[in-house]
Amino acid sequence: MRFEIPALPYDFDALAPHISARTVELHYEKHHKGYGKKLAAAVEGKPEAEKSLEQLILSSDGDLFNNAAQVWNHTFYWRSLKPHGGGRPTGPLENAIVASFRSVDNAKRELAEAAKGEFGSGWAWLVLDRDGRLRVGQSSDAENPIQKGHTPLLAIDVWEHAYYLDYQNRRGDYVEAVVDHLLDWGFAASNLEVVAGGEGNRDADRRYRKGATESASGPS
Ligand code: MN
């Protein structure tokens, strides 16, 4: 079960009232696991079955890319949120944010604007770019910043399935709730640490495992 979906890191109702238990359950059980099932079917009996998720993201296209990237993106999204999250980053992450955005508030605002402004289905990201600066970005559909050589630090899912049951068309309210109450800045700091710790910003699989569980891309 090479591409088994990691367990959700909290209960379905843990993000309420900002994201309901029903939304989390459907999002995880039907969407995230659905991408996993399609990916498993697509690689069955093929050499791609031996690749890691990141290798698939960097080397495939079409349905294979979409499903591999969405498995990765969702595992990363669940870890980007936590009950009673929000607040402010501290320590080296805070310093890096101030160096790149001038203030934490600017960074949070940019991230929220990116999430609100992504035109269709997609993602907003806080990343470390190849020059060592933090940046906010958007991606469409399943696209992932590792395709550009960036290191993801946080992700916000802005596909409608992430918020429509709770917020209908009010994506902005969902984004504000995520930024103010759910983002896990400790997770972002841990992703930055792996790079800063000299483990190599090319060692993407290692980063991913830190952000997921060992079963996500580990050997079967
Ligand atoms: Mn989603």
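Note that ligands are numbered from 1 as they come in the structure, with each ligand's atoms numbered from 1 the same way. No experiment lies behind these values; they were computed from the predicted model shown. We use all heavy atoms of the structure for the numbers below, so side chains are in, but hydrogens, waters and symmetry mates are not.
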Engineer: Please find the N/O/S atom of D157 nearest to the Mn ion (ligand 1) and write down its name.
Structural biologist: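 Result: OD2.
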Engineer: With no hydrogens and no angle check, do the side chains of E143 and W125 hold a donor and an acceptor under 3.5 Å apart?
Structural biologist: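 E143 vs W125: no donor-acceptor pair found between side chains.
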Engineer: Please determine whether a side-chain nitrogen of the Lys or Arg among R22 and D166 lies less than 4.0 Å from a carboxylate oxygen of the Asp or Glu.
Structural biologist: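 D166 and R22: not salt-bridged.
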Engineer: Could you check which N/O/S atom of H74 is closest to the Mn ion (ligand 1)?
Structural biologist: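 Closest to the Mn ion (ligand 1) among those atoms: NE2.
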Engineer: Do the side-chain N and O atoms of D157 and N73 include a donor-acceptor pair separated by under 3.5 angstrom?
Structural biologist: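 No, no side-chain donor-acceptor contact under 3.5 Å.
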Engineer: Tell me, please, if H161 has any N/O/S atom, main chain or side chain, under 2.8 Å from the Mn ion (ligand 1)?
Structural biologist: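 Of the N, O and S atoms in H161, at least one lies under 2.8 Å from the Mn ion (ligand 1), which means yes.
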Engineer: Answer yes when E176 and K116 have at least one side-chain N-carboxylate O distance shorter than 4.0 Å, and no when they do not.
Structural biologist: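 Looking at E176 and K116, the cut-off is met.
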